[in-house]
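These values consider heavy atoms only, across backbone and side chains, with no hydrogens, waters or symmetry-generated copies. Numbering of ligands and ligand atoms starts at 1, following listing order.
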Amino acid sequence: MTIRFQTLRAAAATALLASSALALGAPQVPQDPALRASQPERGQIASPVVVPLDQATLAALPREAVRQALPESVLHCEGVSLLSLLRASGAMPPGRLPLAHLARYVVADARDGQRVLFALAELDPETGGRKVFVVDRCDGRALSEKDGPLRLLVPGDARPARALRQLEALTVVVAP
Ligand SMILES: Nc1nc2c(c(=O)[nH]1)N[C@H]1C(S)=C(S)[C@@H](COP(=O)(O)O)O[C@H]1N2
Ligand SMILES: [Mo]
């Protein structure tokens with residue numbers, strides 16, 4: 001009886017210590033994997049992935065017409081969707097975006113040093129549905145050196161701050 005009582009008392013003390021440690025520590029996170037925004041194996045996804053921007057890659061993708069309002073003008077351009085480019089180059093898987101990719105984003109670099117980014121979830125048609133384009137022609141002619149030769153367009157952005165001129169590189173990474 002004594003041993004049993006002491007065992008119970010020890011167990012109760014351990015439980016009390018454990019619960020106070022939890023109370024002091026980080027908030028408890030649900031352990032159901034289905035509730036996780038990203039999966040533990042996300043480290044297995046290649047990062048960084050450099051997205052090709054060469055002429056042959058772009059020429060193989062469907063071309064679309066894009067209208068972009070800018071502070072002082074409206075551009076009528078043509079180019080390819082960023083989604084099709086990311087999928088064609090293997091940087092984004094086809095179909096429903098796996099949960100592990102919700103922590104990934106594409107960084108765009110311009111020659112003038114300006115950088116912008118888009119979460120893959122933002123681009124995914126089933127999630128954010130944001131349409132982004134890589135264009136090479138506007139208003140009937142190839143883009144100038146000041147604006148191109150490639151430019152991003154994001155017609156749905158309220159402020160066209162991500163309509164990146166002088167696009168030089170696209171890189172997909174997992175958030176650190
Ligand atoms: N490379 C680069 N792209 C850029 C910017 C920039 O500073 N550098 N400014 C952005 C902002 S804030 C706006 S409003 C638009 C303006 O486009 P425009 O210069 O063709 O009128 O370009 C966007 N793209
Ligand atoms: Mo701007």
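- Residue Gln114 has no N or O atom closer than 3.5 Å to an N or O atom of ligand 1.
- When the heavy-atom distances from atom 17 (O) of ligand 1 to Lys146, Arg162, Gln68, Arg151 are ranked, the shortest goes to Arg151.
- Among protein heavy atoms, atom 10 (C) of ligand 1 sits closest to Ala161 O, 3.6 Å.
- Atom CG of residue Leu120 and atom CG of residue Leu82 lie 9.0 Å apart, to the nearest 0.5 angstrom.
- Ion pairing between a basic and an acidic side chain is recognised when a charged N comes within 4.0 Å of a carboxylate O; Asp136 and Arg63 show such pairing.
- Note: the hydrophobic cluster containing Val116 does not contain Leu75 (ILVMFWY, side chain heavy atoms under 4.5 Å, direct or indirect links).
- Here the protein heavy atom with the shortest distance to atom 21 (O) of ligand 1 is Leu70 CD1, 4.0 Å.
- Residue Arg159 has no N or O atom closer than 3.5 Å to an N or O atom of ligand 1.
- Only the side chain of Asp112 comes within contact range of ligand 1, with a heavy atom under 4.0 Å; no backbone atom does.
- Of all heavy-atom pairs spanning Leu143 and Leu150, the tightest one is CD1-C, 4.1 Å.
- Taking every non-hydrogen atom of Ala110 and a distance limit under 4.0 Å, the qualifying atoms of ligand 1 come out as 1 (N).
- Cluster membership check: Leu83 shares its hydrophobic cluster with Val132, using side-chain heavy-atom separations under 4.5 Å among Ile, Leu, Val, Met, Phe, Trp and Tyr.
- Annotation: atom 5 (C) of ligand 1 to nearest protein heavy atom, Arg165 NH2, 3.7 Å.
- Taking all atoms of both residues into account, the shortest heavy-atom contact from Val174 to Tyr105 is C-CE2, 4.5 Å.
- If you number the atoms of ligand 1 from 1 as listed, the ones under 4.0 Å from a heavy atom of Pro71 come out as 14 (S).
- Summarising the local packing, CZ of Arg115 is surrounded by 12 or fewer heavy atoms from other residues, nucleotides or ligands at distances under 6.0 Å.
- The protein non-hydrogen atom at the shortest distance from atom 23 (C) of ligand 1 is Ala163 O, 3.5 Å.
- Within the model, atoms OG of Ser73 and CG of Asp139 stand 7.5 Å from one another, a figure rounded to the nearest 0.5 Å.
- Here the protein heavy atom with the shortest distance to atom 13 (C) of ligand 1 is Pro160 O, 3.5 Å.
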